[in-house]
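This report refers to the structure that appears directly beneath it.
In what follows, every heavy atom counts, from backbone to side chain, and hydrogens, waters and symmetry copies are set aside. Because the structure is predicted, anything quoted here is derived from the model rather than measured.
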Protein chains: 2
Amino acid sequence: MARTHTTSLEKSLVLLRAIIADGGRTPFNEIVSDLNLPTSTAYRLVSQLVDAGFASRYGPNSFGPGIVAALLYQRTDVSALVARLARPLLKDLASKSGLTSHLGVLENGMVTYKVRIPGRAPRAAGFTREGMQLEAYCSAVGKVLLGGLSSDALDDYLNEGAFVPLTPYTIVDPSVLRQEISAIRESGIAIDNREVAEDMICLAVPVLGPGGEIIAAISSSMPYNDKAPPEPMMYRTSLEGCSQILSARLCGKTIAVDA
Amino acid sequence: MARTHTTSLEKSLVLLRAIIADGGRTPFNEIVSDLNLPTSTAYRLVSQLVDAGFASRYGPNSFGPGIVAALLYQRTDVSALVARLARPLLKDLASKSGLTSHLGVLENGMVTYKVRIPGRAPRAAGFTREGMQLEAYCSAVGKVLLGGLSSDALDDYLNEGAFVPLTPYTIVDPSVLRQEISAIRESGIAIDNREVAEDMICLAVPVLGPGGEIIAAISSSMPYNDKAPPEPMMYRTSLEGCSQILSARLCGKTIAVDA
DNA sequence: GTGCCTTCTCCCATATGGTGAGAATTTCAC
DNA sequence: GTGAAATTCTCACCATATGGGAGAAGGCAC
């Protein structure tokens, strides 16, 4: 059910989003009637959007994104933005749990760590650095991010990759990896069980974008100890909470639509 | 003097643009006072922009572009958009002048022709095709676009390029080319005087984006004829008029600021 | 050309929603 | 704590958004 939008600005932004998302394919009057906007109101609003450069007239009954806004928004680095919003949250997470926290994104098949907040544990997750790239198949963050790929892209990744074991626990068999990733998609959580370093266990969850797509992953790393093996799932709730807050900050009041 | 903006939407979009353009560097209250907006109004507006995903809160007193909008706008292909808006104008230009009209953009040192409208002349500019790429140094469109490069980028281009003559008239000396490009920057118009094909002359002017930067170039091509050499400058006014209309459509009411 | 249909703009009476000063509250640094 | 800055809230006023409808402006078929 279409909620009725009260302020004029809200209405305008909803209209603008519809116009940009559509890209000029759907006739304008259709977009407008889908939003339950009166014609004359819609024209009034869209003409202001055009004047400001946020939309453009493509032709009769057809509008699309505006150049001015496109040029401005194209200068923004989305993952830098995500990192910036994530940093304070991860700081909080790290200080509450005492664990090293990371945020990573996928960049052509590799995980790039955009944020790293060290925990209190003596030498936990010692070797990662911000900006560092790591193979995706062995880390918890990487496995979550691989789960966000389309099935075609994932097939390519699994076929092309040479999966070098970093520890005896690293998953190197593509079919096992596929299984693992599919399980992670289901459960929404990934564990790196000493796969990247023998003395480390890692828990990761996805960060969702406005359309529910996976745009990043955050993780908590804890040292492994034979005598007192850690209970990674203890930290699930706080990690998920952090991800949800981050998603909410990223998306505004926009609620990710569920199918 | 800051003009006073009447409608609430206009105010919001001006504010939004300032926020995005700044990228979160300038404190919010500074942006706001530069725009002569009352504090409480500014907060009211920006919170709606954030809710809609067009802006994000970066920290105290700091806002920047929103992810939702960034992701949407990043899907738009700016040059395709320019081409789409240019096509009807070039059609008009071609039918009025009878000359073949082109719109081209620069893509890593080469000109890509995004629009081509054939003229009436028998076999005018016969070999270009839409989507075709051509070396920049010899065509009128290319020379205009090179004029839009920063001086560093232009230096690189002139140093790296191997300038192969296509006709006896092609400019192949980098220092002559530099001179030519600088003259074009001054005059705002470029001529390809049989440099690409012996039987063709071409006139090109830049298409300006919202900040006055050169984002494309349009041209009129005419066949060269020894007995009755064409007068390319005859077509200058109509070409420039076309460019101005296109710029205006691209930028909305946004007036390109002159230094 | 003529007529028809759609897109688009303009007008205007109405009242909804925008406005912004100032107070109140929260946040943060020291 | 204490003070300063950031942020939200309140509210009375009235500017401005609203949207139905008229009609201008194209476009298309014939």
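The side chain to side chain contact (heavy atoms under 4.5 Å, CB included) test applied to A:Thr26 returns A:Asp22, A:Glu30, A:Ile31, not counting sequence neighbours. Residues forming a side chain to side chain contact (heavy atoms under 4.5 Å, CB included) with B:Pro230 (at least two apart in sequence, or on another chain): B:Ile201, B:Met222, B:Tyr224. Taking the side-chain hydrogen bond (donor to acceptor under 3.5 Å, both in side chains) definition, one finds that A:Ser62 meets it with nothing, sequence neighbours left out. Partners of B:Tyr113 according to the ring-ring contact (aromatic ring centres under 6.0 Å, His included) rule, which considers only residues two or more places apart in sequence or in another chain, are B:His102.
Put simply, OG on A:Ser221 and CD1 on A:Ile117 are 12.0 Å apart, with the number rounded to the nearest 0.5 Å.
For the helix from C:dG1-D:dC30 to C:dC30-D:dG1, the axis fitted to the five pairs at one end and the axis fitted to the five pairs at the other end meet at an angle of 70° (nearest 10 degrees).
The stretch residues 86-94 of chain B does not touch DNA chain C, since none of its heavy atoms comes less than 4.0 Å from the strand. A heavy-atom distance below 4.0 Å to DNA chain D is reached by these residues of residues 24-33 of chain B, ordered by number: B:Asn29.
Between the P atom of C:dT26 and the CZ atom of B:Arg57 lies a distance of 15 Å, rounded to the nearest Å. The interatomic distance linking B:Gln48 (CD) with D:dT8 (C1') rounds to 14 Å, in whole Å. The separation between B:Leu9 atom CG and D:dT16 atom C1' is 12 Å, rounded to whole Å. Per the geometry, OH belonging to B:Tyr58 stands 15 Å off P belonging to D:dT7, to the nearest Å. C:dT19 atom C1' lies 17 Å from atom CG of B:Leu35, rounded to whole Å.
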Exercise. Summarise protein proximity over nucleotides 18-25 of chain D in one line of letters, 5' to 3': B for base, S for sugar-phosphate only, - for none, counting protein heavy atoms closer than 4.0 Å.
Key: BBBB----
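With contacts defined as side-chain heavy-atom distances shorter than 4.5 Å, the pair A:Ile189/A:Met233 qualifies. Residues B:Leu145 and B:Val111 are in side-chain contact: their nearest non-hydrogen atoms beyond the backbone lie under 4.5 Å apart. The shortest distance between side-chain heavy atoms of A:Ile214 and A:Leu208 falls below 4.5 Å. Looking at B:Thr39 and B:Asn29, their side chains never come closer than 4.5 Å, going by heavy atoms from C-beta outward. With a 4.5 Å cut-off on side-chain heavy atoms, A:Ile215 and A:Val82 count as touching.
Applying the salt bridge (charged side-chain N to carboxylate O under 4.0 Å, His left out) definition to pairs two or more places apart or across chains, those involving residues 232-245 of chain B are B:Arg236-B:Glu240. Applying the ring pair (Phe, Tyr, Trp, His ring centres under 6.0 Å) test to residues at least two apart or on different chains, the pairs with a partner in residues 32-55 of chain B are B:Phe28-B:Tyr43.
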Can you pull every protein N or O that's under 3.5 Å from an N or O on nucleotides 23-25 of chain C?
none

Exercise. Could you give me the CA-CA distance, side-chain angles and deciding distance for B:Leu103 and B:Leu246, then say whether side-chain contact (heavy atoms from CB on, under 4.5 Å) is met?
Key: CA-CA 11 Å; B:Leu103 177 136; B:Leu246 181 54; 4.0 Å; yes
Quiz item: For B:Val46 and B:Arg57, what are the C-alpha separation, side-chain angles and deciding distance, and is it a side-chain contact (heavy atoms from CB on, under 4.5 Å)?
Solution: CA-CA 9 Å; B:Val46 81; B:Arg57 169 161 243 133; over 6 Å; no
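Checking the phosphate oxygens (OP1, OP2) of D:dT8, no side-chain nitrogen or oxygen of B:Tyr43 falls inside 4.0 Å.
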For residues 83-93 of chain B, which side-chain N or O atoms pair as donor and acceptor with protein atoms under 3.5 Å away, sequence neighbours left out?
residue : atom : partner  : partner atom : Å
B:Arg84 : NH2  : A:Gly24  : O            : 3.4
B:Arg87 : NH1  : B:Glu130 : OE2          : 3.0
B:Arg87 : NH2  : B:Glu130 : OE1          : 3.3
B:Asp92 : OD2  : B:Lys96  : NZ           : 3.1

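A:Ala204 and A:Val144 make their closest contact through O-CG2, 3.7 Å (heavy atoms, listed as atom of the first residue, atom of the second, distance).
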